[in-house]
Amino acid sequence: MNKPYMGKILMVDLSSGTLTEEEIPDRVYEQYLSGMGLGAYILYNRMPAGADPLGPDNILGFCSGFLTGTGSLFSGRWTLVGKSPLTGCWGDANCGGTFSPAIKHCGYDAIFFSGISSNPVYLYVKNGKAVLKDAGDLWGRDAVETEEVLKKQYGPKAAVAVIGPSGEKVSLISGVCSDRGRIAARSGLGAVMGVKKLKAVVLEGVQRIGAGDPEAMKRLSRHCLKWVNFPLPLPGWMLGFVGAFLRVTPVVFPQDGILYSSILRKWGTGGMNQTSIEMGDSPLKNWDGSNRDLPMSRSRTINPDIIRSMEIVKYHCYSCPVGCGGICATKGKYPHTHKPEYESVLALGGLCMNEDLDSIFYLNELLNRAGMDTISAGATAAFAVECYEKGILTKEDTGGLELKWGNTEAIVALIRKMVNREGIGDLLADGTKIAAQKIGKGSEAYTVHAGGQEPAMHDGRCDPGFNVHYSLEPTPGRHTLGAHLYYEMFQLWKRVKGIPKPAPLFTKNSKFKVDGEKARMAAACSKFMSLANGAGMCMFGLFIGAKRVPTFDWLNAASGWNRMPEDYMAVGERIQTLKQAFNVKHGIEPRNNFISSRALGTIPQQEGANKGRSVDIEKLAEGYWGEFGWDAATGKPKEETLRKLGIQ
Amino acid sequence: MAYTITEKCNGCGACVRLCPAGAISGEKKKLHTIDADLCIECGACGRVCPQSALLDAAGTPCVMIKRSEWPKPEVLLKACIACNICVDACPVGCLVMSDVPRDKGVDAFPYLKDPRACIGCGFCSKACPADALVMKKPAGAAKTVAAVESA
């Protein structure tokens, strides 16, 4: 019977230039799937404790999903794994596009790089043969340009993942770019690729990807298609009012993700721009402002209808029927750009109080080309602006830039400096935590980070679930692993036994009450998303609901196993615990990763949507960690938990 | 499982030039062999071999078909969900996504950019989760390409 995985990985030692194919036993896939699970398995077992993230011992892995290419939908995500130089913890970044199936077409489930090359190189794989080639003439070029050069050389079918100048300059907030601007940006893994002198990975395979029961896969996909692409009769101008309603209403009902998939279909992630600002989900003014600072009259410049009017054609990742991305026409230097995502718009916009949409489009493309994380770049710029406003940074420090809230020109100039590591930009190019250490003068108070990584543009004071996952996950600061809202939309209780079903109507304040149910919900999110990252599934697809998007059934049909959803949740639990065990092995104290007090609302806000709200992360930590069988006080997995899950 | 070459092979090299996986090797005018690890069972070698020297994965001899009669994919745009699966499944790269949206739509669409490169393997059609691609004999295929390009 055909297996959905290729059963092989490629290990590349860049120091010696040796490439080794390795077979992976079936039992590893049964326990961890591939994707993030396989990545965690390899990194945990092979990286020596205390490895320097920027040294030769760090291993960087490009992992395709277990379900990628099997006929399932929403399964085109690949995971970049490594030890994060930004946080020192387990690092992963997730990206869509067409790179995930390309890894499998080359006959591998994942490609891992260790060592450091003496000169710039890139990996080229075709017809089962992998070689390292000289990348001297590519070094220094931006990500899009490099991809164009490589595609000209190898043909349009070649899949390319590449770092830009930001990764080459070992900026700790850089990522890995593919498909002209899809970027695996989080955890600063672009810096790892840069320090290894690996410019690109070029894949040109044609190996076929199997599935245990292709007919069943197709049947399940057709069933799933019924639930996507519902037309949404909501006009764009009303979206802000939806947010305002959600702000004032004291009671809410569990939200159905079908609505979100319609929003994603129509506008992309940017559909939530104004809604999120109004409801208090978007942090503004470096997490110090509220929706009152950016009322609808000012935020209308980032209304999704305006962004949509610039869209030429929708962009679909591999195997996605929704197509939340888009290719947009822009004014100025770059004629085309990927539609800026919600995170980018709010980080470069609301967080810096910048309302100029043209500048956001420009910065989005600039950062994609540089290979820098838009979330961290925007957050660091916002931090610099606040330092300037508070007198910690002077005009002399900034090289003459008038870093005021909403001063678009200065913000654009600052980010350009960060990309080029010039002047103040050099100081800021490694994220807020390191910048604050260098600046001193009490600037630490204005940083918002979890374990060193800037959190995404979802305020944990609006949905405390975000603070749980920002602070307590093995990868601190990530927003794609869980939240109260995500739990509602995943609708896991419809498939998995023993997990709580939210009440049909509940008060918003009840979300802030710390109890065992919240811990179980958060843990279920983490398990499910770890499983999904092993399977290569997209979170936005999963929002449609566990019963409509048949993840568990696809996994059974693809693998030929006959497992219950609970068994798969145990796989997610194993991946999650292995990541935490990786952190403990490398001497991380999970308690040090709690998000900055500003985002916790330790001093609650005085006005706006999140007025008076604070989150007790200490109590939440006990419940969440306890739920996984990790020590409730320290967050370290207990011996018996590791034994139970078969982790040595 | 993979295709195999029998003694009938005269080493003309027609299959080597066509194989999208680079799986066939051999000296000119000598018996060629297929690397089973690389073979993707697209069947192009079997369709092109003038000697009928190919056996498919099940051991059935392949019959040569005139290249102009190889089936080609026809895209049913109404059913297409623009998921890129067919484009990814194409081993040759002759099927690509458009840069512009389809008529009265917002999504791109797959089209046979290079019909002459198509090897008629049907992988695109088999992989499509929405049954939006049908393999048809050339007359129909040629018409569709023209229709799609004008759309």
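Computation of the quantities below employed the complete heavy-atom set of this structure, encompassing side-chain atoms and omitting hydrogens, waters and symmetry-equivalent molecules. Lettering of chains follows the sequences in order, A, B, ..., and the numbering in each one begins at 1.
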Which atom pair, heavy atoms only, marks the closest approach of [X] to [Y]?
X      : Y      : answer
A:P321 : B:C83  : N-CB, 4.5 Å
A:K218 : B:K126 : NZ-O, 2.9 Å
B:D99  : A:V313 : O-CG1, 3.5 Å

Turns out that what part of B:V96 lies under 4.5 Å from chain A's heavy atoms comes down to neither
Applying a strict 4.5 Å limit to non-hydrogen atoms, the region of B:D35 in contact with chain A is neither
| Atom CD of A:E215: over 12 foreign heavy atoms under 6.0 Å | no
- Message: For the NZ atom on A:K129, are there more than 12 heavy atoms of other groups (residues, nucleotides or ligands in this structure) within a distance under 6.0 Å?
- Response: no
Looking only at B:A23, B:C90, B:A89, most heavy-atom pairs under 4.5 Å shared with chain A are made by B:C90
Residue from B:A130, B:G22, B:A21 scoring the most non-hydrogen pairs under 4.5 Å with chain A is B:A21
Checking A:R308, A:R265, A:K266 against B:V106 for side chain to side chain contact (heavy atoms under 4.5 Å, CB included), the one that qualifies is A:R265
How long is the straight-line distance from [atom2] of [Y] back to [atom1] of [X], given to the nearest 0.5 Å?
X     : Y      : atom1 : atom2 : value
B:C42 : A:R208 : SG    : CZ    : 9.0 Å
A:L73 : B:I81  : CG    : CD1   : 5.5 Å
A:S72 : B:I85  : OG    : CD1   : 7.0 Å
B:C19 : A:N127 : SG    : CG    : 7.5 Å

#### Entry: Residues A:K157, B:D88: salt bridge by 4.0 Å N-O rule
no
Residue from A:C224, A:C317, A:P156 scoring the most non-hydrogen pairs under 4.5 Å with chain B is A:C317
If one checks every heavy atom of A:S221 against chain B at 4.5 Å, the contacting part turns out to be side chain
### Query
Under 3.5 Å, side chain of B:N84 to main-chain N/O of A:T98, donor-acceptor pair present?
no
Worksheet item: Counting only N and O atoms by type, is there a donor-acceptor contact under 3.5 Å from the side chain of A:Q207 to the main-chain atoms of B:I40?
Response: no
